[in-house]
Enquirer: 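Provided herewith is a single structure, encoded as C-alpha cells, for subsequent inquiry.
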Amino acid sequence: MAPPRHLLLLLLLGFLAAASLAFTLTAAVYEDQVGLADWHQKYIGKVKQAVYHSQKSGRRRVVVLTEENVIASLDLRSGDIFWRHVIEKNDPVDELSLSLGKYVVTLSSGGSILRAWNLPDGQMIWETNLQVSKSSKPLLHVLSNNKVAKDNLVFVLAGRWIYAVSSIDGVISWGKEFSLDGLDLKQIIQSPENDIVYAVGLAGSSKLNLYQLNAKTGETVKHIQESFPIALCGETILGSHNVLVALDETRSDLFLIELKGESISYNKVHISDLVQDLSGTVKLLPLMSNGVIALQASSTVSLLKLKGIDGLEVIQSFEQPAAVSDALTITEKDEAFAVVQHTGSEIEFVVKFTSDVTGEVIREKINIDQHRGNIQKVFLNNYIRTDKSHGFRALVVMEDHSLLLVQQGEVVWSREDGLASIVDVTTSELPIEKDGVSVANVEHNLFEWLKGHMLKLKGTLMLANADELAAIQAMRLKSSEKNKMTRDHNGFRKLLIVLTKAGKVIALHTGDGRIIWSNLLQSLRSSKSGEMPSALRICQWQVPHHRVMHENPSILIIGRSGADSAAPGVLSVLDSYSGEELNSLKLDHSVVQIIPLTVKDSSEHRLQLIVDSHSRAHLYPRSPDAMNVFLHEMPNTYLYTVDIETNVIRGHSLQKSCDNSADEYCFSTKELWSIVFPSDTERIAISETRKMNEVVHAQAKIIADQDVMYKYLSKNLVFVATVSPKASGEIGSAAPEEAWLVAYLIDAVTGRILHRVTHHGAQGPVHAVVSENWVVYHYFNLRAHRFEMAVIEIYDQSRADNKDVMKLILGKHNLSAPTTSYTRPEVMVKSQSYFFTFSVKAIAATQTAKGITSKQLLIGTIGDQVLALDKRFVDPRRSVNPTQQEKEEGIIPLTDALPIIPTSYLTHSLQVEALRGIVSIPSKLESTTLVFTYGVDLFYTQLAPSRTYDSLTDEFSYALLLITIAALVAAIVVTWIWSEKKELRDKWR
C-alpha cells in the first residue's frame, strides 16, 4: 500500500526544517559566537620610554612609548591597557613627557610635530607643526619647579631651532633659529632662580655653544663658544646643574664641561683610568642625576661621582649585565635611582640615593623566567607606604622585549610584548591523544552532553533565563574542546610557532592564543661586543611520519650573528612540543636567501638551501642521506634573485661543488639569464611567487560552453611589478603622465617573459598574491584618484588538444608526459582591473587541504582589518551581461568597483593594529582554513570560504533534531493508525 500524500508531505517538511536549521546556523556569526572560534590579543611592543603619573587618587598609570611607535597608558596594578595610539611608521615618535599632570606631550617626525593627548582617555587635545632643521636627536623638555612653569611652556630643540609652546592649547609662544651653520642643539638647562634657560649645542663636532635665553620671550641674553682639541661623538648628558659630560669621537675620553655665567671651562678624563678591561662600545647612560653618571662598556656598568670638573670617582661597578634607571626626585635635595642586574635565574633590584651612593635603600632578589634574557631598561617609581616611608617599584624591559613590574621582591605582572614584532610564522601539529578512557569519564561526559543540549534546547525555544544563558555560553567554551593539548580529527587544534624580532620563539595554542612554551635562543642574543643578531626565518625541520609518532616534530630557526647581511649565519633546531633547543650551529658563511625544498631525507628532515653573499648554495642537513636525495633533484633545481638596488633579476642553476672549497655540501651557482630593467624608466617594486606547499585540486577549468581551459600551474612562475622612478615615492609624488606600473609574468628557469602589461598613470605601493594560475595585485590609479585591484589569469594552450575522449582512452594524450620550461609555452592570458575602496597593507589567498574549496582573497585594509573577498569578484571573465551558461558557471555581472560587504570582515569590529602579515593554514577539514593575522596585535579565526559543506557546526542543535525525528515518528504512527481506521470504515461501507 502506498503511503498517504499528507504523510510524505509531513516527512518532507520535517527534514526541510532540520536542514534549514543547520543552514541558518552556518550562514552567519551572531554576537554571542564571537570569540568561540577566534581570539584577539593586544600588545604595545618594546618600551623605550616610560613616564609615571603620580596622582594621589584614582587609578595609577604609566604612559609608555615603544619601538613599534605606540603610545599607551597602562594600569600599574595589572598591566592592562587603558588606551593606546599606534602612530604610522612615517611619523616616528621621538620623545614623550607629561605636562600639568593631565596632558601627555609627544614629539615626532624629527621634532616637526608636537601633540598633546588627554591623560585619562587618550584623546588628542591639540597638534602643532614646527619648522625645524635636521637633527641627530630632537629633544622635548617640560619646565618644572620654575616661575616660567606657571606659563605651562614646553620646549622643543631640533637642529638649529628652539621653540617654546604652550601645553594648554599648543600655541607657539616663540621660536628661534640660530644662525650658526651646522649647529645641533643637545641640551636645555633651566635656571632655578630666574627666567633664564640655557641651550647647549655642538657646531660641527668640536665647537660647544652655550646660549642664554629669556624663557618668556626667546631673546638671546648671551652666546658663548668654546673649541675642543678633539672631536666629540655627540653624546652629552647633564651631570649636575652646571656640568655637562661629553664623550669624544673615539669613545675613549670624557670631557667634563662646566657652564659658568661668563665662560666655559672643561677637563679631559681618560676612561681607561677609571674602568679597567674595557671592551665593546662605551656609552653614556642617561641617568640625569645630580653628580652621579653611569658609564656602560659591553655588559659592565660603572657608577661615577662627579668632583666638579676636577675629575670622576668610581663608586661601584657591576660586572653582570645591568641597567640603570633615571634619577627620581624624592625631596628637594635628594634623588633616588635604581640598578637592576642579572645573577643567574634571579635579578637584583637595588635602589640608591644620590646623597649616599655607597649605601642602599633597597636590595631585593626576584626570580624571573630564564628565557627573558638580560635587562635592558629600568624605569623607577616611588610610592608612600602606610608607615609614611618611601617604597619603590620599577618597570623592567627585558631582552625578549617583555615588560615586568617588580615590587616588594616579586613580579607583580608581566606582558609578553615581544609578540608585537613577529618576523615569521609556522605551524605544528599537536600530539595524538592517547587511547584509554575510564568509564567514569564516559558517564560524566554523557551526563554533561545531555545537560548541555537540554540547556541549548531551552535557549532555542527562548525559555532560558539569564543564568542559563550564561551557563550555555560557558558550556560552549568548555565543551568545544578547542583548548586541549592533543590534535583533533578536524585539524583545528594546532601550535602557531612564531619568531620575534628579539630572537625569541613562542608557541601559541590556536584554541585561545595562550603561550604553551617560549625560548629566547642563545645564538640570537646580543653579544658582548655589542653586535645585535637578527632573526630571519622559521620553518618546519622534521615532521615524523605517522607510523613513527614517538618522535616529536622539530622546527628550524635561521638568523644572522649581526645586523649586516654579510654577517655569519646561525641555525637552531627546537622541539615543537617543548621548545627545547636540540641543536645549534654557527655557520661559516652568510645568509642572503633561504630556499626550502620539497624533498625530505630518510629521517623526514626537510632539505634547505641557504645562499650566501658569494652566490654559493649550502645544503642542510649536512648528511650523506640528504646529499643523495638532493643530487637526484639538483638537475631540476633553479634559483632566482631579485636585486632591487641594481634593478636586475637573475636566474641560476647549481654546480656540483664550490670553487676552492673542500665543503662537499657547498654548491656553486651558474648564471643562466638576467633581466636588466632600465633605471631611467622602471624600478622594481615587488616580486612574488606561489607558495611551495600550495595544493591544486583541478588542473583544468570547464567554462560555460563546456570547453576546457588548462591552467598554467608552473611553480617557476614569478610575478614582478615595476614602477616609474618618479612614481616610486608616496602617492601624489608624480603626475599621471609621469607614472606607470608594469606587471610581468616571468619563468624563473629560462627568464622568459610570459606576459607583460602596462598600467599608465598608476603608482605604488604595490601588493600582490600569486596562487594557482592567477595573480592579483593592488595599486593606485592617479588618473581616477582611486585604488585599483587587477587580476591576471594564465592558461596553457599547448594542452588544448587534450579534450578528445578517444585520445584519452587510447593513451594518446600528454597529460602525464613530463613538461619542461625550456619548451616555449603557448599561453593565453586574461586580465581585468577593478576599483577598490581601500588602501591595502597585505594580501593573501586561502589555502585548504585538497584545494577543492573556492578561493578567497584575505585583504589587510588600511583600517587594520581583514576582509575576505571571494575570488569570483576578481574573475577576468566577468562581463556586463553574462549569458545564462555563464550565470550557471557562477560568473558575476561586471561592475567597475569591487563590493565591500560588511559581514565579510573576519576581524568583525576589531583591529589588528599595524597589520603586517596574514597567514592561511589548511586544516584537515577541506571546507575550513585557519587564518592568523599579526602586527602589533594578533588575531586568529577559522574561515569556511564555501561554508562548512562537509560538517555540522558546533552550534547545531542535536536535541532539537532528535525531538523533530521523534515527533515525525510519532506523526507517522498516528497517521498510519488513522489511515488503517479510515480504510476499515471504507470497506464496511
Enquirer: Sequence neighbours left out, what passes side-chain contact (heavy atoms from CB on, under 4.5 Å) with Val599? Give chain and number order.
Expert: Leu597, Leu607, Val629, Glu633
Enquirer: Test His489 against Lys924 for side-chain contact (heavy atoms from CB on, under 4.5 Å), laying out the working first.
Expert: CA-CA 7 Å; His489 63 280; Lys924 292 182 181 179; over 6 Å; no
Enquirer: Taking all atoms of both residues into account, what is the closest heavy-atom pair of Ile891 and Arg878, and its distance?
Expert: CG2-CA, 3.9 Å
Enquirer: With rounding to the nearest 0.5 Å, note down the distance linking OG1 in Thr861 to CD1 in Ile900.
Expert: 8.5 Å
Enquirer: Taking the side chain as everything from C-beta on, heavy atoms only, tell me whether Leu430 gets closer than 4.5 Å to Thr486.
Expert: no
Enquirer: For Val931, run the side-chain contact (heavy atoms from CB on, under 4.5 Å) check against Thr907, Val919, Leu858 and tell me which one passes.
Expert: Leu858
Enquirer: Roughly how far apart are Leu943 CG and Thr948 OG1, rounded to 0.5 Å?
Expert: 11.0 Å
Enquirer: Give the minimum heavy-atom separation between Phe939 and Leu910, together with the two atoms involved.
Expert: CE1-CD1, 4.0 Å
Enquirer: Does anything in residues 889-904 form a salt bridge (Lys or Arg N to Asp or Glu O under 4.0 Å)? List the pairs, not counting sequence neighbours.
Expert: Arg877-Glu889
Enquirer: Any ion pair linking Asp875 and Lys871 (charged N to carboxylate O, less than 4.0 Å)?
Expert: no
Enquirer: Tell me if a side-chain donor or acceptor on Ser979 pairs with a main-chain N or O of Thr975 at a distance below 3.5 Å.
Expert: no
Enquirer: Under 4.0 Å between a side-chain nitrogen and a carboxylate oxygen: does that hold for Lys841 and Asp864?
Expert: yes
Enquirer: Is there side-chain contact between Val769 and Phe719, with at least one heavy-atom pair below 4.5 Å?
Expert: no
Enquirer: Find out whether Ile859 and Gln865 are in side-chain contact, i.e. whether some heavy atom of one side chain is under 4.5 Å from a heavy atom of the other.
Expert: no
Enquirer: Kindly say whether Glu429 contributes a backbone atom to a donor-acceptor pair with the side chain of Arg487 at under 3.5 angstrom?
Expert: no
Enquirer: side-chain contact (heavy atoms from CB on, under 4.5 Å) between Trp774 and Ile794: does it pass, once the steps are laid out?
Expert: CA-CA 6 Å; Trp774 50 266; Ile794 182 168; over 6 Å; no
Enquirer: Hey, are Thr853 and Glu926 close enough side-chain-wise for a donor-acceptor pair under 3.5 Å?
Expert: yes
Enquirer: Evaluate the side-chain proximity of Leu508 to Leu938: yes if any heavy-atom separation is below 4.5 Å, no if none is.
Expert: yes
Enquirer: Between atom CG of Leu717 and atom CG of Leu754, what is the distance when rounded to the nearest 0.5 Å?
Expert: 6.5 Å
Enquirer: Any non-hydrogen side-chain atom of Thr427 less than 4.5 Å from a side-chain atom of Ile497?
Expert: no
Enquirer: Which heavy atom of Ala849 sits nearest a heavy atom of Ser923, and at what distance?
Expert: CB-O, 3.2 Å
Enquirer: Quick one: OG on Ser428 to CG on Leu495, what's the gap to the nearest 0.5 Å?
Expert: 5.5 Å
Enquirer: Could you pull out the closest heavy-atom pair between Asp870 and Gln856, with the gap in Å?
Expert: CA-CG, 4.0 Å
Enquirer: So, the side chain of His778 versus the backbone of Phe838: is there a donor-acceptor pair under 3.5 Å, distance only?
Expert: yes
Enquirer: Walk me through whether Val543 and Gln540 qualify under side-chain contact (heavy atoms from CB on, under 4.5 Å).
Expert: CA-CA 7 Å; Val543 182; Gln540 293 181 347; 3.6 Å; yes
Enquirer: Check Lys715 against Met692 and note the closest heavy-atom contact, atom names and distance.
Expert: NZ-O, 3.0 Å
Enquirer: Is it true that His767 and Tyr777 have ring centroids separated by less than 6.0 Å?
Expert: no
Enquirer: Report the residue from Tyr934, Phe492, Trp39 that forms a ring-ring contact (aromatic ring centres under 6.0 Å, His included) with Tyr940.
Expert: Trp39
Enquirer: Can a donor-acceptor pair be found, under 3.5 Å and without considering hydrogens, that links the side chain of Ser576 to the backbone of Pro553?
Expert: yes
Enquirer: Can you find a side-chain donor-acceptor pair between Glu793 and Tyr795 that sits under 3.5 Å?
Expert: yes
Enquirer: Could you check whether any side-chain heavy atom of Ser879 comes within less than 4.5 Å of a side-chain heavy atom of Glu886, counting everything from C-beta outward?
Expert: yes
Enquirer: Quick one: pull up NE2 in His40 and NE2 in His908 and give me the separation to the nearest 0.5 Å.
Expert: 10.5 Å
Enquirer: Is any side-chain heavy atom of Gln542 less than 4.5 Å from a side-chain heavy atom of Arg606?
Expert: no
Enquirer: Just wondering, are more than 12 heavy atoms of other shown residues or ligands nearer than 6.0 Å to NZ in Lys982?
Expert: no
Enquirer: Look at the side chain of Arg786 and the backbone N and O of Thr837, then say whether any donor-acceptor pair between them is shorter than 3.5 Å.
Expert: no
Enquirer: So, Glu694 and Ser771: side-chain donor and acceptor under 3.5 Å apart, yes or no?
Expert: yes
Enquirer: Nearest 0.5 Å, what's the CG-OH distance between Asp796 and Tyr712?
Expert: 7.5 Å
Enquirer: Mind running side-chain contact (heavy atoms from CB on, under 4.5 Å) on Leu898 and Met789 for me, showing each step along the way?
Expert: CA-CA 8 Å; Leu898 295 174; Met789 193 171 283; 3.9 Å; yes
Enquirer: Please check if any side-chain donor atom of Ser920 sits under 3.5 Å from a side-chain acceptor atom of Thr929, or the reverse.
Expert: yes
Enquirer: Is there a donor-acceptor contact under 3.5 Å from the side chain of Thr510 to the main chain of Lys494?
Expert: yes
Enquirer: Indicate yes or no: at least one non-hydrogen side-chain atom of Arg916 is less than 4.5 angstrom from one of Ile422.
Expert: yes
Enquirer: Is the backbone N or O of Gly513 less than 3.5 Å from a side-chain atom of Gln41, with the two atoms forming a donor-acceptor pair by type?
Expert: yes
Enquirer: When you look at NZ of Lys701, are more than 12 heavy atoms from neighbouring residues, nucleotides or ligands closer to it than 6.0 Å?
Expert: yes
Enquirer: So, applying side-chain contact (heavy atoms from CB on, under 4.5 Å) with Val776, which one of Val791, Leu869, Ile792 is it?
Expert: Val791
Enquirer: Closest heavy-atom contact between Leu713 and Glu772?
Expert: CD2-C, 3.9 Å
Enquirer: Should we say atom NZ of Lys42 is surrounded by more than 12 heavy atoms from elsewhere, each under 6.0 Å from it?
Expert: no
Enquirer: Between Glu788 and Asn781, is there a side-chain donor-acceptor contact under 3.5 Å, judged purely by atom types and distance?
Expert: yes
